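Reviewing the structure listed below.
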Amino acid sequence: MAKVKTKVKKPFIVPLKYAGMWIAWSYDHSKIVASGKTLMEAKQKAHKAGEARPWLDRTPDPDAFFGGTSFRA
Amino acid sequence: MKFPYKLYRMNKGPGVPNGLMWRPRIPVIVIGPMGEVRLEALVDTGSDQTILPQVNTSEIGLKIDHQRQALVYGRLREHEELLNLGRNVRLGLQLDSKTYVWPATVWFSDSSDSPAILGRIGFLEYFDVTFYGKKLELEIKPTSDFPGVVSGLWE
């Protein structure tokens, strides 16, 4: 009996070079279309690259583990 | 609807021998009367509040309540962070070809370095969320008394 190969979609890995930066995903989340030091920079670059509706994502620093804190309002 | 965790490369460290970190981040839309901003936000069951980075609130017509501010210590590197309470903020989420929009209590950081966090107030109070550790995905469903508006997919 022939083996049936099933395609497993590999997850997209955000590369280390973007750690600590803002990145802009394409509308369908298939690729990173721009990056910048600030949200606005990444957004403007994405628009220039032709992506009108980017999803903006602040990637954590390369050595940063995320944890909670508290604040008083 | 299920959202796969997002995968980020980072330096190798305790618990991360391969330098790969999975994070439960989902796309959320910050909606103002004059526009919107689309963000990837961490679903954080340990967070009481929903906290977003500094965005150009005036550009999308959002107001900030400068009478309600909070100081945060320790979340950002070498930075004392100020949070401002947003007013007239709505958030949007696209689930299964539908868009869910709801009025939300949201704090905006004074820094664009701040990560976007979806906490209990403003998000988890309106959605049932299940985390699947092995599958590395989370499932989100609106609660039966979801207070917002449901429409077709918002392009």
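The sequence lines fix the lettering, A, B, ..., with proteins before strands; numbering per chain opens at 1. Predicted, not measured: the structure shown is a model, and the values here were computed from it.
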Exercise. Stepwise, does the side-chain hydrogen bond (donor to acceptor under 3.5 Å, both in side chains) test hold for B:S114 with B:Q54?
Worked result: CA-CA 7 Å; B:S114 177; B:Q54 181 186 55; over 6 Å; no
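Of the atoms belonging to B:L42, it is side-chain heavy atoms, and not backbone ones, that fall under 4.5 Å from chain A. Neither the backbone nor the side chain of A:K17 comes within contact range of chain B, judged by heavy atoms closer than 4.5 Å. Contact annotation for B:P4: neither backbone nor side-chain heavy atoms come within less than 4.5 Å of a heavy atom of chain A. The contact between B:L20 and chain A is made entirely by side chain atoms (from C-beta outward), counting heavy-atom distances below 4.5 Å. Contacts of B:K12 with chain A are absent, with no heavy-atom separation under 4.5 Å from either backbone or side chain.
Using a cutoff of 4.0 Å between basic side-chain nitrogens and carboxylate oxygens, B:E59 and A:K43 are scored as salt-bridged.
Between chain A and the options B:L7, B:N56, B:V37, heavy-atom pairs under 4.5 Å are most frequent for B:L7. Between chain B and the residues A:F12, A:W55, A:W22, the most heavy-atom pairs under 4.5 angstrom are made by A:W55. Looking only at heavy-atom pairs under 4.5 Å with chain B, the residue among A:A24, A:G20, A:P11 that has the most is A:P11.
Checked against a 6.0 Å centroid threshold, the rings of B:F146 and B:F127 count as neighbours.
Side-chain contact between B:R25 and B:V43 is absent, with no heavy-atom pair separated by less than 4.5 Å. Inter-residue side-chain proximity for B:L124 and B:L118 is flagged as unmet; no heavy-atom pair is nearer than 4.5 Å.
The OH atom of B:Y5 sits 5.5 Å away from the CZ atom of B:F131 when rounded to the nearest 0.5 Å.
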